[in-house]
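To start, the structure under review is shown below, and the notes come after it.
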There are 2 protein chains.
Amino acid sequence: MKSSDDKLRARISDMSAFFHKNGRMPSFSEVGEIFHLSSKSAAYKAVGKLEKMGVLSKDKRGKLIPGSIKSPVKILGTVEAGFPSPAEEELADTISLDDFLIKNREAAFLLKVSGDSMSGAGILPGDMVIVDKGQTPKSGDIVIAEVDGEWTMKYLRKRGESVTLIPANPNYKPIKPKNDLKIAGVVTAVVRKYG
Amino acid sequence: MKSSDDKLRARISDMSAFFHKNGRMPSFSEVGEIFHLSSKSAAYKAVGKLEKMGVLSKDKRGKLIPGSIKSPVKILGTVEAGFPSPAEEELADTISLDDFLIKNREAAFLLKVSGDSMSGAGILPGDMVIVDKGQTPKSGDIVIAEVDGEWTMKYLRKRGESVTLIPANPNYKPIKPKNDLKIAGVVTAVVRKYG
DNA sequence: ATTATAGGCGAACGAACGTTCTATGTCAAG
DNA sequence: CTTGACATAGAACGTTCGTTCGCCTATAAT
């Protein structure tokens with residue numbers, strides 16, 4: 001049972017490699033090539049197993065579409081839980097950061113943060129924020145707003161009729177826009193990359 | 001010229017919709033369907049234009065693979081720059097957060113942060129960190145480490161022979177591991193989702 | 001020893017594939 | 001009005017597609 005598990009793992013890995021290298025799933029004859037099978041029907045049966053495991057699935061046209069291999073990140077628990085043993089690791093769910101962070105593909109934009117006015121909320125200069133341009137802003141949301149001709153990122157506070165933009169840094173003061181407040185979008189996520 | 005631009009935009013949008021709904025790029029006859037063309041050759045030529053624009057590209061086997069439509073997020077400038085007009089917006093580059101944040105697909109893991117010991121570095125409880133299990137940790141990196149039987153996330157400081165784990169919160173104290181320090185991975189990115 | 005099971009081979013099928021060709025219609029520039 | 005560029009239609013081609021079938025060979029179970 002051990003060696004057949006190894007073979008399966010290797011095939012999942014090969015399938016994933018093909019998908020991420022070529023940008024599409026292979027045909028059955030290509031599956032034969034990457035699995036080193038000289039008959040399509042062997043590839044066909046091998047794919048059937050991967051399908052049952054959720055690694056991939058099939059169209060109504062029979063074409064292969066990626067399943068779990070599409071999502072590159074394995075989800076573990078919390079920091080305290082630490083890393084599981086390699087055996088458990090295989091059972092981990094995977095997720096795509098694109099799917100995780102972006103609700104509305106058409107309305108999503110990436111903006112680079114350059115000020116430190118939101119550093120109290122864990123948004124530092126150099127971070128990237130994902131902004132949803134379509135979403136209607138609620139009180140408490142972090143918004144990208146144009147007030148008096150300048151663009152800023154601030155907390156939005158609505159109290160009845162009054163609207164205030166509040167920074168998350170005590171060195172800055174809340175802004176009470178006079179006439180022209182335009183809210184361009186709502187910050188739905190923050191992303192920071194190291195190294 | 002205006003209406004032909006509109007048609008192109010609509011086709012790019014339709015193509016993107018097909019790709020994200022079906023998990024693969026269409027065949028030429030399917031392109032004909034989604035573009036409402038009753039001949040494959042019309043679809044073939046229409047695809048040629050999209051190819052020149054970088055929306056998609058072709059295999060050596062002629063199969064379509066996604067180009068810019070694969071990446072869901074449009075990159076804009078800084079917060080101060082604000083949002084461009086819809087006209088410029090079309091020219092924006094796009095990026096996939098998966099590709100942006102993950103270098104090593106096999107070694108990448110997602111961990112949820114539950115403590116506040118790194119809140120000084122803008123990593124708050126509830127955030128998710130992307131951990132690279134394969135990377136060798138350098139001094140100054142944020143690492144996931146097991147010290148004396150407990151898992152934590154801390155800055156790593158190496159000074160000659162001595163190794164210290166330093167939190168980014170003054171309420172916690174630096175840890176000088178006695179014997180058993182295991183570093184499981186390096187934090188390569190932080191991700192926070194609102195709402 | 002016999003049977004059952006699983007995996008791979010090789011050939012075959014119709015359908016769908018990418019590509020190319022010619023023909024037709026549309027619309028703006030000359 | 002004529003011309004030329006362009007977009008679409010429609011047919012045709014050789015190739016590859018997904019799928020199925022029968023056969024062979026191991027390995028494991030009875």
Side-chain angles (χ1 to χ4, degrees), chain A residues 1-19 21-70 90, chain B residues 1-19 21-70 90:
Chain A
M1 270 301 126
K2 180 109 183 325
S3 73
S4 76
D5 276 8
D6 283 356
K7 187 157 64 177
L8 252 188
R9 250 195 286 270
R11 288 184 171 175
I12 295 174
S13 177
D14 287 344
M15 183 69 76
S16 176
F18 185 102
F19 172 67
K21 180 183 171 202
N22 298 95
R24 61 169 177 86
M25 290 294 277
S27 70
F28 282 96
S29 35
E30 286 169 326
V31 171
E33 290 176 20
I34 66 182
F35 286 1
H36 306 106
L37 300 171
S38 56
S39 86
K40 262 202 302 181
S41 58
Y44 188 80
K45 289 182 198 169
V47 162
K49 279 198 206 164
L50 299 188
E51 190 180 4
K52 273 178 198 136
M53 300 171 63
V55 174
L56 49 80
S57 56
K58 283 205 234 177
D59 267 302
K60 62 207 133 200
R61 299 211 195 214
K63 294 175 185 308
L64 301 183
I65 59 181
S68 60
I69 58 175
K70 178 186 138 197
E90 294 296 328
Chain B
M1 271 302 126
K2 180 109 182 324
S3 74
S4 76
D5 276 8
D6 283 356
K7 187 157 63 175
L8 252 187
R9 250 195 287 268
R11 288 186 169 175
I12 295 173
S13 177
D14 287 344
M15 183 68 78
S16 175
F18 184 100
F19 172 67
K21 182 183 168 202
N22 298 95
R24 62 169 177 86
M25 290 295 275
S27 71
F28 282 97
S29 35
E30 286 170 328
V31 171
E33 289 176 20
I34 66 181
F35 286 1
H36 306 105
L37 300 171
S38 56
S39 85
K40 264 201 300 181
S41 62
Y44 188 82
K45 288 184 194 164
V47 162
K49 280 197 206 164
L50 300 188
E51 189 180 4
K52 275 179 195 131
M53 300 171 64
V55 174
L56 49 81
S57 56
K58 283 205 234 176
D59 266 303
K60 62 207 132 201
R61 289 165 116 104
K63 294 175 184 305
L64 302 183
I65 58 180
S68 60
I69 58 175
K70 178 187 139 197
E90 294 297 327

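Below, each value reflects all heavy atoms present in this structure, side chains not excepted, and no hydrogens, waters or symmetry copies.
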A side-chain contact here means heavy atoms from C-beta on lying under 4.5 Å apart; do E30(B) and M25(B) qualify? no
note: D59(A), atom CG; dA16(C), atom C1'; distance rounded to Å ~ 13 Å
Per nearest nucleotide of DNA chain D, the residue lying toward the 5' end, R61(B) or H36(B), is H36(B)
Residues of residues 48-57 of chain A with a heavy atom under 4.0 Å from any atom of DNA chain D, listed by number, are none
Residues at least two apart in sequence or cross-chain that pass ring pair (Phe, Tyr, Trp, His ring centres under 6.0 Å) with F19(B), listed by chain then number, are none
Separation of dG8(C) atom C1' from I34(A) atom CD1, nearest Å, is 16 Å
From OH of Y44(A) across to P of dT16(D) the rounded distance in Å is 21 Å
Taken in chain and number order and not counting sequence neighbours, the residues that satisfy ring pair (Phe, Tyr, Trp, His ring centres under 6.0 Å) with F18(B) are none
In this structure, CG of L50(A) is separated from CE of M53(A) (nearest 0.5 Å) by 6.5 Å
Among the nucleotides dG8(C), dT20(C), dA7(D), whichever has the atom closest to the side chain of R11(A) is dG8(C)
Between CD of E30(A) and C1' of dG18(D) the distance, given in whole Å, is 13 Å
Atom CG of L37(A) and atom P of dG10(C) are separated, to the nearest Å, by 11 Å
Sorted by chain and residue number, the ring pair (Phe, Tyr, Trp, His ring centres under 6.0 Å) partners of F35(B) (sequence neighbours excluded) come out as none
Between CZ of R24(A) and P of dT16(D) the distance, given in whole Å, is 13 Å
Rounded to whole Å, the CD-P distance (E33(A) to dT16(D)) equals 11 Å
Shortest non-hydrogen pair, P26(A) vs I34(A), comes out as CG-CD1, 4.4 Å
dist N22(B):CG -> R61(A):CZ (nearest 0.5 Å) comes out at 9.5 Å
Heavy-atom nearest pair, A43(A) first then G32(A), reads CB-N, 3.7 Å
Contacts of K58(B) meeting side-chain contact (heavy atoms from CB on, under 4.5 Å) (sequence neighbours excluded), chain-then-number -> F28(B), Y44(B), E51(B), L64(B)
Which protein N or O atoms sit under 3.5 Å from an N or O of nucleotides 10-15 of chain D?
residue : atom : partner : partner atom : Å
dG10(D) : O6   : S41(B)  : OG           : 2.5

Worksheet item: Which is true for K45(B) with a 4.0 Å heavy-atom rule: it touches a base, it touches only sugar-phosphate, or it touches nothing?
Response: base
F28(B) CZ to dA9(D) P, in whole Å, measures 16 Å
Problem set entry | Under-4.0 Å side-chain N/O to phosphate OP1/OP2 contact, K63(A) with dT19(D) | no
